[in-house]
A.B. asks: 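Provided herewith is a single structure, encoded as structure tokens, for subsequent inquiry.
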Amino acid sequence: MSQEDANLEARLEEQETFEPPESFVEQANVSDPGIYEEFEENWPDCWERAADLLSWEEEYDTVLDDDDAPFYEWFTNGRLNASYNCIDRHVEGDRADEVAIEWEGELGETRSYTYNELLEEVEEFAATLRELGVEEDDIVTLYLPMIPELPIAMLACARIGAPHAVVFAGFSADALATRMNAGESEYLVTCDGYYRRGDALDHISKANEGLEGVDHEVSDVVVVDRLGDDLEHDLADNQHDYDDLVAEQAGASVDPVSRDAEDMLFLMYTSGTTGKPKGVKHTTGGYLAYTAWTSHAVLDVEPDDTYWCAADIGWITGHSYIVYGPLALGTTTMMYEGTPDYPEKDRMWELVEKNSVDIFYTAPTAIRAFMKWGEQYPAEHDLSSLRLLGTVGEPINPRAWKWYYKHIGGENCPIVDTWWQTETGGMMITTLPGINEMKPGSAGPPLPGIDARIVDAQGEEISAGEAGYVTINNPWPGMLRTLYNNDERFINEYWSEYSDEEADEWVYFPEDGAKIDEDGFITVLGRVDDVINVSGHRLGTMEIESAVVGVEGIAEAAVVGGDHEVKGEAVYVYAISEDGYETGDELEERVMQGVLDSIGPIAKPEEIIFTPELPKTRSGKIMRRLLENIASGDELGNTSTLRNPEVVDEIAEQVDID
Ligand code: 6R9
């Protein structure tokens, strides 16, 4: 490193606040600091500003109906169609021949769809779904990787008013079955396979195995042929080749159905405290308005941009910020099928350069991996097209933030660190890049119109610097409306902790811990429930535990998150074997397989530790905190309140703490 570079590095390391570059502010979609006050004074009517970004078939009567809180309704009696908003209106405007989706496969092949072409594809697939018998409000499950047919299928569903339920392609057969059962979904769209690190991955076998676990009749399965000759597969009687079906509908025109603002747009399953995944329900009007608004105000998306959110559409980030938000604004949204280090560790930067990407949005875990690989990879490419960077999914440590700022943004792009959840539909806490200064590691203030507070266990706001819990004290358009078929769990999970039901005061509890500083900047510390965040993906420890306990030979298990340099957190399994079982490699292998089978590779344990006992309190509760400390290599503190303190040393000895 030259002396000049070393000086720069040292300066960056000390710098605690960063101003957005003047050149960014001048062109920003939102740059008037008065917006915070404006939203506060006009709340909830301020949200008309979000609704105004959409084309409504029928105007709504009321912005917010809180008569039956916390079952809030937004933009009541308004009517619209999400597919119309994401496609047709841009075709009718002046964007018919502009690129809507720019896709790159892992092997380097590309496909781009103009808005006109996207419309054609979506209409043909919408006609296909109808032909198969899909009716308005039927739930269609999409078990697809990052190929263009995924957003096409989502928009086709939206066009005919059939809510989609996307299941992340990396999830296991069991996970697919659980989700199809929960939604009683009778239709599945999947594919033969996809590429990972150059290999053709078999997906259809996994889908078929999942279908065996579905406990109702599945009427039709549509299979996209992604791999051609690379994977031969047979189709059962109710399974159809995507291309064949679509060819029959060539040139079809399908009018977008008129949906009530509160009609369900999609279900997205996410992990919670208990083993059963939660079906988060999002609606057509509020969700679309909110994702369009945040894409406009926070990501600064403009129609002429090439915008790249490098998430997977199988998660909420991809739904909101690869598909719905950016397409509602008529921009070019990019999709990449593969891994960031294939064929080389500069793949992302090659793509940024090749496509002149303006906005890049990714997760801290990816940034930490880029950092580990080294700055030479981005340095090989011209990244000067970038105007704004974003992160999402987990807290970002200041070092990773600064690396991103310097080596990707060239110290010339604001970074938005956006805190939000599957349930919130869109971003909630983040700086506005044309207004606020940035503090690495801190997401920033709540967005205009969002009343996020940091409180103690009693719900009282805490002073700057202390750790507490995030609460959201007013509703917002992108919020989940309920958990599918389970209003009671919706109330219990999110609204019971801090609400005063008698006073009809409802407070949303996202189950995150945080601190706030004197300027009202919020630093999110992480989950306070039994959810761990592995590479930005939410996993329920209970779900993993039940997979482990389901393995023959395992008597009891505790699963916790331990710190991990790249993944943020990693899965640690502590297991007790049944009497008579050896705790050797074979059992370990079976535990590993049990987790992969029931959830998928994202939940793969970092370590499986066999122990004769788990540390328990006198009342018999497993001391998870202690197991987390062991996994993270932290100080263990006082263990004297345990019923069996001796077990702690025994366990600690087995874990390689580096
Ligand atoms: C969008 C998404 C939600 C959980 C959330 C929190 C963590 C997300 C964050 C962040 C710190 C950020 N999280 N963004 N923590 N800073 N900028 O990730 O949704 O998969 O539902 O996860 O992720 O713990 O509660 P989801």
Side-chain angles (χ1 to χ4, degrees), residues 166 168 170-171 267-273 277-282 287 290-291 294-295 298-299 309-325 361-368 389-398 400-401 404 415-431 438-447 450 452 454 467 469-472 478-480 483 493-494 508-516 521-541 543 561 567-569 602-603:
V166 178
F168 173 57
F171 272 139
L267 274 181
M268 165 117 261
Y269 287 91
T270 189
S271 298
T273 303
K278 306 186 273 197
V280 170
K281 175 182 160 183
H282 281 296
Y287 171 84
Y290 198 70
T291 51
T294 44
S295 298
V298 181
L299 294 171
C309 166
D312 192 295
I313 295 176
W315 306 100
I316 193 69
T317 301
H319 276 55
S320 301
Y321 299 111
I322 297 177
V323 183
Y324 287 111
Y361 189 33
T362 191
T365 182
I367 298 166
R368 290 191 299 266
L389 301 175
T391 82
V392 58
E394 47 175 331
I396 182 163
N397 47 311
W401 193 102
Y404 195 34
I415 296 179
V416 286
D417 171 358
T418 61
W419 177 90
W420 58 290
Q421 307 180 296
T422 303
E423 293 86 343
T424 68
M427 301 158 177
M428 301 291 283
I429 302 175
T430 169
T431 50
M438 297 161 273
K439 302 185 189 184
S442 167
L447 280 174
I450 302 295
I454 309 304
Y469 304 96
V470 181
T471 59
I472 318 274
M479 67 197 301
L480 80 165
L483 293 176
E493 293 262 358
Y494 306 108
Y508 174 83
F509 181 45
E511 307 206 68
D512 267 20
K515 291 190 303 195
I516 189 161
F521 272 51
I522 294 169
T523 297
V524 177
L525 302 168
R527 304 284 308 188
V528 294
D529 56 1
D530 292 326
V531 168
I532 56 181
N533 194 327
V534 179
S535 301
H537 300 319
R538 244 167 97 170
L539 299 173
T541 50
E543 267 169 273
K567 299 177 184 169
E569 278 186 291
I602 40 164

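Order of appearance sets the numbers: ligands from 1, and atoms from 1 within every ligand. What you see is a predicted model; the values in this text were computed from it and never measured.
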A.B. asks: Could you check whether Tyr287 and Tyr290 have their ring centres less than 6.0 Å apart?
C.D. replies: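 Centroid separation for Tyr290 and Tyr287: 6.0 Å or greater.
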
A.B. asks: Heavy-atom contacts with Thr418 under 4.0 Å: which atoms of ligand 1 show up? List them by number with element.
C.D. replies: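 Per the distance check, 9 (C), 12 (C), 14 (N), 17 (N).
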
A.B. asks: Heavy atoms only, cut-off 4.0 Å: how does Thr422 contact ligand 1, side chain, backbone, both, or neither?
C.D. replies: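 It is both parts that get close, each with some atom under 4.0 Å.
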
A.B. asks: May I ask you to test the Trp420-Ile429 pair for a side-chain heavy-atom distance under 4.5 Å?
C.D. replies: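 No, their side chains stay 4.5 Å or more apart.
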
A.B. asks: Using a plain distance cutoff, I'd like to know if Gly393 has any nitrogen or oxygen under 3.5 Å from a nitrogen or oxygen of ligand 1.
C.D. replies: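 Yes; at least one N/O pair falls below 3.5 Å.
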
A.B. asks: Under 4.0 Å from a heavy atom of Val392: which atoms of ligand 1 are those, numbered in the order shown and with their elements?
C.D. replies: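 So the answer, numbered in order with elements, is 1 (C).
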
A.B. asks: Is it true that a side-chain atom of Thr418 and a backbone atom of Thr391 form a donor plus acceptor pair closer than 3.5 Å?
C.D. replies: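 Yes: the side chain of Thr418 pairs with the backbone of Thr391.
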
A.B. asks: Looking only at protein heavy atoms, identify the closest one to atom 22 (O) of ligand 1 and say how far it is in Å.
C.D. replies: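 Of every protein heavy atom, Arg538 CD, 3.2 Å lies nearest to atom 22 (O) of ligand 1.
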
A.B. asks: In terms of atom number and element, which parts of ligand 1 are under 4.0 angstrom from non-hydrogen atoms of Val524?
C.D. replies: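 Counting atoms of ligand 1 from 1, those under 4.0 Å from Val524 are 11 (C), 15 (N).
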
A.B. asks: So is Trp315 in contact with ligand 1, going by heavy-atom distances below 4.0 Å?
C.D. replies: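 Distance cut 4.0 Å: Trp315 fails for ligand 1.
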
A.B. asks: Given that the side chain starts at C-beta and the backbone is N, CA, C, O, which of these parts of Glu394 lies under 4.0 Å from ligand 1, counting heavy atoms, or is it both or neither?
C.D. replies: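 It is the backbone that gets close, since no side chain atom is under 4.0 Å.
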
A.B. asks: Does Asn533 approach ligand 1 within less than 4.0 angstrom via side chain, backbone, both or neither, non-hydrogen atoms only?
C.D. replies: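 Under 4.0 Å from ligand 1, Asn533 contributes side-chain atoms alone.
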
A.B. asks: Using only atom types and a distance under 3.5 Å, with no angle test, would you say the side chain of Arg538 pairs donor to acceptor with the backbone of Ser271?
C.D. replies: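 Here the side-chain-to-backbone pair exists.
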
A.B. asks: With a 4.0 Å heavy-atom cut-off (strictly under), which part of Ile316 contacts ligand 1: side chain, backbone, both or neither?
C.D. replies: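 For Ile316, only side-chain atoms sit under 4.0 Å from ligand 1.
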
A.B. asks: Is Asp512 close to ligand 1, meaning an N/O of one under 3.5 Å from an N/O of the other?
C.D. replies: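 N/O-N/O distance below 3.5 Å exists for this pair.
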
A.B. asks: Is the shortest side-chain heavy-atom distance between Leu299 and Thr294 below 4.5 Å?
C.D. replies: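 Leu299 vs Thr294: side chains apart.
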
A.B. asks: Is it the case that the ring center of Tyr494 lies less than 6.0 angstrom away from the ring center of Phe509?
C.D. replies: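 No, the ring of Phe509 stays outside the 6.0 Å limit from the ring of Tyr494, centre to centre.
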
A.B. asks: Does any non-hydrogen side-chain atom of Glu423 lie less than 4.5 Å from one of Glu493?
C.D. replies: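 Glu493 does not reach Glu423 side chain to side chain.
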
A.B. asks: Considering heavy atoms of the protein only, find what lies nearest to atom 2 (C) of ligand 1 and give residue, atom and distance to 0.1 Å.
C.D. replies: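 The protein heavy atom lying closest is Trp420 O, 3.7 Å.
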
A.B. asks: Can you establish whether the number of heavy atoms outside Tyr469 located under 6.0 Å from its atom OH is more than 12?
C.D. replies: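 Incorrect, the count does not exceed 12.
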
A.B. asks: Can the ring centres of Trp315 and Tyr321 be said to be less than 6.0 Å apart?
C.D. replies: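 Centroid distance Trp315-Tyr321: not below 6.0 Å, so no.
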
A.B. asks: Would you kindly specify which portion of Thr317 sits under 4.0 Å from ligand 1, judged on non-hydrogen atoms: side chain, backbone, both or neither?
C.D. replies: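 Contact part for Thr317 vs ligand 1: side chain (C-beta onward).
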
A.B. asks: When you compare ligand 1 with Thr391, is there at least one nitrogen or oxygen pair between them that comes in under 3.5 angstrom?
C.D. replies: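 Between Thr391 and ligand 1, no N or O pair is found under 3.5 Å apart.
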
A.B. asks: Does Glu394 pair with Arg368 as a salt bridge, N-O distance under 4.0 Å?
C.D. replies: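 Yes.
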
A.B. asks: Are any of the N/O atoms in Asp417 less than 3.5 Å from those in ligand 1?
C.D. replies: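 N/O-N/O distance below 3.5 Å exists for this pair.
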
